[in-house]
A.B. asks: 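There's a structure below that I have some questions on.
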Amino acid sequence: MHDKRLPPLGSLKAFDAVARCGSFKRAAEEIGVTPTAISHQIRVLEEALNTAVFIRSAREVILTEAGARLQQSTQRAFGELQQAVNAIHRAQLPPALTLSTTSNFLTHWLVPRLAALKTALPTLDLRLHTSVELVDLERDSVDVAIRYSMTPDKRLDSTLLFEDSFVLVASPSLELTQREDLPLMTLFHVENRHVPQPAPDWAHWQRLHGPTDLNIGAGLRFTDETHAIQAAIAGQGVAIVSRLLAADFIEKGMLTVPFEPQLPGGNYYFVTPHDKAMDPNVQALRDWIAERMPRD
């Protein structure tokens with residue numbers, strides 16, 4: 001027995017749309033034709049099959065037994081066709097690149113530069129990921145990361161971006177010019193800093209730079225450096241923060257560095273697995289970020 005010739009593809013497409021939408025009108029809107037055209041295609045299909053596929057009423061369209069059997073196949077076939085078309089389309093797009101970093105770096109350094117990044121690398125499909133935990137680039141499907149540490153991770157391809165330090169910042173409105181006036185200020189403490197050690201806190205500052213009468217136990221405590229920076233901008237007190245994270249605010253005059261002394265910091269590294277280091281998109285992103293780091 002020879003296989004019967006398949007009905008025209010247009011009639012099968014119209015049938016599948018009506019079966020999914022439950023309406024000739026909605027199917028016509030989905031495909032972009034008139035309801036009359038849909039009705040014509042259904043008649044063509046029913047003539048080819050020599051049986052009805054729908055029971056029509058004023059309020060609804062119901063599949064017949066033959067229609068229900070056909071709908072199982074058309075749903076699967078058109079679904080697979082759509083998946084294939086989507087896969088071909090995705091293959092023509094530049095691959096996505098996932099970058100993981102801390103929320104502080106993303107908020108204060110990268111986000112203000114995203115428009116410039118898009119202009120410089122318009123075809124780069126960048127996905128941004130933040131985490132307070134150290135991400136496993138292989139296990140978590142992350143392509144690159146901006147890490148803050150004292151030394152590079154030799155398991156990864158590492159590029160030094162910036163040698164950080166910590167500076168005391170205050171709003172210009174506080175008019176802080178002498179270290180002797182620090183005891184008059186509200187001190188902001190940022191907790192849970194793991195890099196560097198010893199921590200760049202007020203105890204460390206006092207040991208190196210004084211003044212001896214500074215009450216380092218007093219003040220407000222933050223678990224996020226971003227909030228301490230914002231409070232300092234608002235003129236609520238003084239904070240010891242990453243020079244890189246505060247750089248834009250200092251340049252705009254929103255924060256001042258009233259005293260020259262700094263505390264040692266960690267380093268910002270651009271890291272990626274060794275097998276991705278030569279990827280053109282990885283190289284382009286790394287070079288773009290490196291070129292925009294502050295130069296002393």
Side-chain angles (χ1 to χ4, degrees), residues 1-100 106 110-111 114-131 135-144 273 275-276 279-282 284-285:
M1 178 179 178
H2 296 292
D3 289 338
K4 185 174 176 61
R5 179 180 295 180
L6 289 175
L9 182 61
S11 68
L12 291 171
K13 182 179 180 181
F15 164 78
D16 184 70
V18 174
R20 284 187 291 100
C21 297
S23 163
F24 279 54
K25 181 180 179 182
R26 287 195 294 271
E29 292 173 351
E30 178 182 293
I31 296 176
V33 297
T34 64
T36 301
I38 293 291
S39 295
H40 172 72
Q41 291 294 337
I42 298 302
R43 283 197 300 272
V44 169
L45 176 64
E46 291 178 331
E47 289 173 3
L49 297 176
N50 196 32
T51 188
V53 292
F54 292 117
I55 299 173
R56 303 165 179 81
S57 70
R59 294 185 177 180
E60 59 183 350
V61 176
I62 302 173
L63 287 165
T64 64
E65 182 178 346
R69 180 182 303 170
L70 181 63
Q71 200 259 344
Q72 291 179 354
S73 295
T74 59
Q75 184 179 41
R76 182 171 59 254
F78 282 112
E80 291 178 355
L81 280 172
Q82 187 64 61
Q83 290 178 6
V85 170
N86 291 344
I88 293 170
H89 179 65
R90 284 195 300 270
Q92 298 171 351
L93 297 173
L97 201 67
T98 300
L99 180 150
S100 180
L106 183 67
L110 189 54
V111 166
L114 284 179
L117 173 60
K118 183 64 176 177
T119 300
L121 305 175
T123 62
L124 179 64
D125 184 7
L126 184 63
R127 314 290 173 85
L128 300 175
H129 170 271
T130 62
S131 174
V135 173
D136 185 322
L137 271 62
E138 297 287 357
R139 184 193 65 200
D140 297 325
S141 300
V142 172
D143 301 295
V144 300
D275 61 354
K276 295 182 180 179
D279 182 290
N281 285 321
V282 171
L285 179 61

A.B. asks: Nearest 0.5 Å please: distance from the NZ atom of K118 over to the OG1 atom of T123.
C.D. replies: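 Interatomic distance, K118 NZ to T123 OG1, rounded to 0.5 Å: 8.0 Å.
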A.B. asks: A66 and T51: which non-hydrogen atoms are nearest, and at how many Å?
C.D. replies: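 That would be CB-CG2, 4.0 Å.
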A.B. asks: Taking side chain as C-beta onward, heavy atoms only, is R56 less than 4.5 Å from I42?
C.D. replies: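 Counting from C-beta outward, R56 and I42 do come under 4.5 Å.
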A.B. asks: About how many Å separate CZ of R76 and CG of D16, when rounded to the nearest 0.5 Å?
C.D. replies: 11.5 Å
A.B. asks: Between S57 and I62, is any pair of side-chain heavy atoms under 4.5 Å apart?
C.D. replies: no
A.B. asks: Hey, is the main chain of G22 close enough, under 3.5 Å, to the side chain of E60 for a donor-acceptor pair?
C.D. replies: no
A.B. asks: Rounded to the nearest 0.5 Å, how far does OG of S11 lie from CG of L49?
C.D. replies: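 One gets 7.5 Å once the value is rounded to the nearest 0.5 Å.
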A.B. asks: Considering all heavy atoms of both residues, which atom of Q41 and which atom of A14 are nearest to each other, and what is their separation?
C.D. replies: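 The pair with the smallest heavy-atom distance is CB-CB, 3.7 Å.
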A.B. asks: Quick one: sort the F54 and F24 rings into parallel, tilted or perpendicular, breaks at 30° and 60°.
C.D. replies: perpendicular
A.B. asks: Nearest 0.5 Å, what's the CG-OG1 distance between L126 and T98?
C.D. replies: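 Result: 8.0 Å between the selected atoms.
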A.B. asks: If you apply the rule side chain to side chain contact (heavy atoms under 4.5 Å, CB included), what do you find for F15 with Q71, and how did you get there?
C.D. replies: CA-CA 8 Å; F15 164 78; Q71 200 259 344; 3.8 Å; yes
A.B. asks: Might you confirm whether atom CG of D275 has over 12 heavy atoms from other residues, nucleotides or ligands at distances under 6.0 Å?
C.D. replies: yes
A.B. asks: Could you please spell out the steps behind the side chain to side chain contact (heavy atoms under 4.5 Å, CB included) verdict for L70 and L45?
C.D. replies: CA-CA 11 Å; L70 181 63; L45 176 64; 4.0 Å; yes
A.B. asks: Any chance NZ of K13 has more than 12 other-residue heavy atoms, nucleotides or ligands included, within less than 6.0 Å?
C.D. replies: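 No.
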A.B. asks: I need the minimum non-hydrogen distance between L97 and N281, along with the two atoms involved.
C.D. replies: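 Of all heavy-atom pairs spanning L97 and N281, the closest is CD2-O, 3.9 Å.
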A.B. asks: How far apart are the closest heavy atoms of S100 and H129, and which atoms are they?
C.D. replies: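 Between these two residues, the closest heavy atoms are OG-ND1, 2.9 Å.
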A.B. asks: I'd like to check L128 versus L110 (side-chain heavy atoms, cut-off strictly below 4.5 Å). Are they in contact?
C.D. replies: yes
A.B. asks: Of all heavy-atom pairs between L285 and V144, which one has the smallest distance, and what is that distance?
C.D. replies: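 Result for this residue pair: CD2-CG2, 4.0 Å.
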A.B. asks: Work out which heavy atom in I31 is nearest to a heavy atom in A17; give both atom names and the distance.
C.D. replies: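 It is CD1-CB, 3.7 Å.
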A.B. asks: Give a yes or no on whether the backbone of L12 and the side-chain of T74 come within a donor-acceptor separation of less than 3.5 Å.
C.D. replies: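 No, the answer is negative, given that no donor and acceptor are paired below the 3.5 Å cut-off.
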